[in-house]
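Along the sequence shown, the residues carry numbers beginning at 1. These numbers were taken from a predicted model, which means no experiment stands behind them.
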Amino acid sequence: MELADRTVGFLLTLISLSIFTYYTFWVIILPFVDDDHFVHKYFLPREYAILIPVSAGVALLSFLSIFIGFVMLKSKKKVA
């Protein structure tokens with residue numbers, strides 16, 4: 001079981017590091033590269049650099065709020 005946990009942890013770390021590197025290159029370095037350079041075809045337009053994290057944050061906060069609401073309603077029914 002320990003090997004499976006370490007493998008999952010390694011994969012999650014690798015995925016997180018890859019996403020961080022991609023996003024950092026996209027947001028910080030790419031604006032300084034010429035628009036006709038070939039590397040631009042590997043990235044979405046710059047507007048998505050803000051739109052994607054904001055959408056993910058709103059979705060995360062929404063699901064978290066719904067979960068907390070359900071837990072509060074469930075615990076209120078147990079008390080009553």
Residues passing the side-chain contact (heavy atoms from CB on, under 4.5 Å) test with Ile68, sequence neighbours excluded, are Leu64, Met72
Check whether any side-chain heavy atom of Phe43 sits under 4.5 Å from a side-chain heavy atom of Tyr48, and report yes or no.
no
Hydrophobic cluster identity match, Ile29 and Ile52, side-chain contacts under 4.5 Å:
yes
Write down the atom of His40, the atom of Leu30, and the distance for their closest heavy-atom approach.
CE1-CG, 3.6 Å
Please list all pairs meeting salt bridge (charged side-chain N to carboxylate O under 4.0 Å, His left out) that have one or both residues in residues 58-71, counting only residues at least two apart or in different chains.
none
For Val27 and Ile50: C-alpha separation, side-chain torsions, deciding distance, then whether side chain to side chain contact (heavy atoms under 4.5 Å, CB included) applies.
CA-CA 9 Å; Val27 172; Ile50 300 299; over 6 Å; no
Just grab all the salt bridge (charged side-chain N to carboxylate O under 4.0 Å, His left out) pairs involving residues 45-55, residues at least two apart or on different chains.
Asp35-Arg46
Hydrophobic cluster of Ile19, others only, ordered by chain and residue number, side-chain cut-off 4.5 Å
Ile15
Taken in chain and number order and not counting sequence neighbours, the residues that satisfy ring pair (Phe, Tyr, Trp, His ring centres under 6.0 Å) with Tyr23 are Trp26
If Ile, Leu, Val, Met, Phe, Trp and Tyr residues are connected whenever their side-chain heavy atoms lie under 4.5 Å apart, and connections chain through other members, are Leu12 and Leu17 in the same group?
no
Sequence neighbours excluded, which residues qualify as salt bridge (Lys or Arg N to Asp or Glu O under 4.0 Å) partners of Asp5?
none
If you link I, L, V, M, F, W and Y whenever their side-chain heavy atoms are under 4.5 Å apart, who else ends up in the same group as Leu73?
none
Which residues satisfy the side-chain contact (heavy atoms from CB on, under 4.5 Å) test with Thr24, sequence neighbours excluded?
Phe20, Ile28
Apply side-chain contact (heavy atoms from CB on, under 4.5 Å) to Ser62 and list each qualifying residue two or more places apart in sequence or on a separate chain.
Val58
